[in-house]
Amino acid sequence: MSATAPPARRLARDDASAHLLARRTLLLAPAVLAACASPPPRLEGPPIGYRHLTPIALDVAQVEIDERTPNAGPGDVGRELSPSAAEAVRIMGRDRLSAFGRENRARFLVVRAQILRARNPRGGGYFAADPGERLDCTLTARLEILGENDRRLGFAEATASRSRNAESTAEGRRIAAESLLRLTMFDLNTEFEFQVRRALRPYLAPSAGAAPPPAGVQREELPRT
């Protein structure tokens, strides 16, 4: 007849097994969490720069880029980026516009450039995962043709908007905001050229093959032989 272990010894052995199992669970938890974690965010969209594109040739003597930055208000993360949202729009104006005329001037303005941040609503109870944040980007650019005494002869305006979710961390928010700005600028560049060619057709240079001669210099026909 086999002997049975005393109750106290059996309880001690059970406690030791439970402690060992709990310790193994704690040691394995970081590896399991790392395997289930989402990959780190990475930048999306083309870099901000448009010199590789054919410039929009304007029949004006000068193109001015207004350096004023509109006030986006609280919650704007666009001004924290490099380039900022407003500077990204100005880069587009500098890279895309060229003067090929003798009179009038063009003025490029940033009307709106913002990436506003808002918290996503929490769902699933108190212990639910962090819902993250929502970023809303809106960019608006305007091109004006001005005559004598700054009389406005025509204008074109373009707007682009996009939204996306972001992590509630500084690095996750930065990458999401920069990606959002790149993608929205891609949209704005396309819309801007369309609106300029639609609304300012009379002020487009007929040919951008060569720059016009300097003001005050007249062309003279050579005698035919």
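With rounding to the nearest 0.5 angstrom, the CG atom of Leu180 is 10.5 Å from the CG atom of Asn165. The CG atom of Leu97 sits 6.0 Å away from the CD1 atom of Ile65 when rounded to the nearest 0.5 Å. Here Leu183 contributes atom CG and Leu188 contributes atom CG; the two are 12.5 Å apart, rounded to the nearest 0.5 Å. Put simply, CE on Met185 and CD1 on Ile91 are 7.5 Å apart, with the number rounded to the nearest 0.5 Å. Taking CZ of Arg90 as the start and CG of Leu109 as the end, the distance is 10.5 Å to the nearest 0.5 Å. Between atom SG of residue Cys137 and atom CG of residue Leu116 there is a gap of 9.0 Å, rounded to the nearest 0.5 Å.
Taking all atoms of both residues into account, the shortest heavy-atom contact from Gly132 to Arg119 is O-NH1, 3.7 Å. Among all heavy-atom pairs drawn from Ala113 and Val89, the shortest one is CB-CG2, 4.5 Å. Closest approach of Tyr203 to Leu153, counting heavy atoms only: OH-CB, 3.3 Å. Closest heavy-atom contact between Ser98 and Val63: C-CG2, 4.1 Å. Considering all non-hydrogen atoms of both residues, Val111 and Arg142 come closest at CG2-CB, 3.8 Å.
Hydrophobic cluster membership differs between Phe100 and Leu143, with clusters built from Ile, Leu, Val, Met, Phe, Trp and Tyr side chains linked at under 4.5 angstrom. Transitive grouping of hydrophobic side chains (ILVMFWY, heavy atoms separated by less than 4.5 Å) keeps Leu146 and Phe108 in distinct clusters.
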Output a table of donor-acceptor pairs, distance under 3.5 Å, between side-chain atoms of residues 193-201 and any protein atom two or more places apart or on a different chain; print 'none' if there are none.
| residue | atom | partner | partner atom | Å |
| --- | --- | --- | --- | --- |
| Glu193 | OE1 | Arg96 | NH1 | 3.2 |
| Glu193 | OE1 | Arg96 | NH2 | 3.0 |
| Glu193 | OE2 | Arg197 | NE | 3.0 |
| Glu193 | OE2 | Arg197 | NH2 | 3.3 |
| Gln195 | OE1 | Arg198 | NE | 3.1 |
| Gln195 | OE1 | Arg198 | NH2 | 2.8 |
| Gln195 | NE2 | Glu191 | OE2 | 2.7 |

Would you be so kind as to tabulate the donor-acceptor pairs closer than 3.5 Å made by side chains of residues 44-59, with sequence neighbours excluded?
| residue | atom | partner | partner atom | Å |
| --- | --- | --- | --- | --- |
| Glu44 | OE2 | Arg164 | NH2 | 3.1 |
| Arg51 | NE | Asp95 | OD1 | 3.3 |

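The shortest side-chain heavy-atom distance between Glu171 and Ile175 falls under the 4.5 Å cut-off. Between Leu139 and Arg112 the shortest side-chain heavy-atom distance does not fall below 4.5 Å. When side chains are defined from C-beta on, Asp187 counts as touching Arg162, because their heavy atoms get closer than 4.5 Å. For the pair Met92 and Phe192, the minimum side-chain heavy-atom distance is below 4.5 Å.
Scanning for side-chain contact (heavy atoms from CB on, under 4.5 Å) contacts around Arg117 gives Val77, Glu133, Leu135, Arg173, with sequence neighbours left out. Under the rule for a side-chain contact (heavy atoms from CB on, under 4.5 Å), the partners of Thr169 that lie at least two apart in sequence or sit in another chain are Glu167. Legend: residues meeting side chain to side chain donor-acceptor pair (under 3.5 Å) with Ser163, ordered by chain and number and at least two apart, are Arg134, Asp136.
In terms of modelled atom types and a separation under 3.5 Å, the side chain of Ser84 and the main chain of Glu80 share no donor-acceptor contact.
When only modelled atom types and interatomic distance are considered, Arg79 and Thr69 share no side-chain donor-acceptor pair under 3.5 Å. No donor-acceptor contact under 3.5 angstrom links the side chains of Ser179 and Arg42, judged on distance only.
Residue pairs meeting the side chain to side chain donor-acceptor pair (under 3.5 Å) criterion with at least one member in residues 143-154, sequence neighbours excluded: Arg105-Asp150, Arg107-Glu144, Glu144-Arg152.
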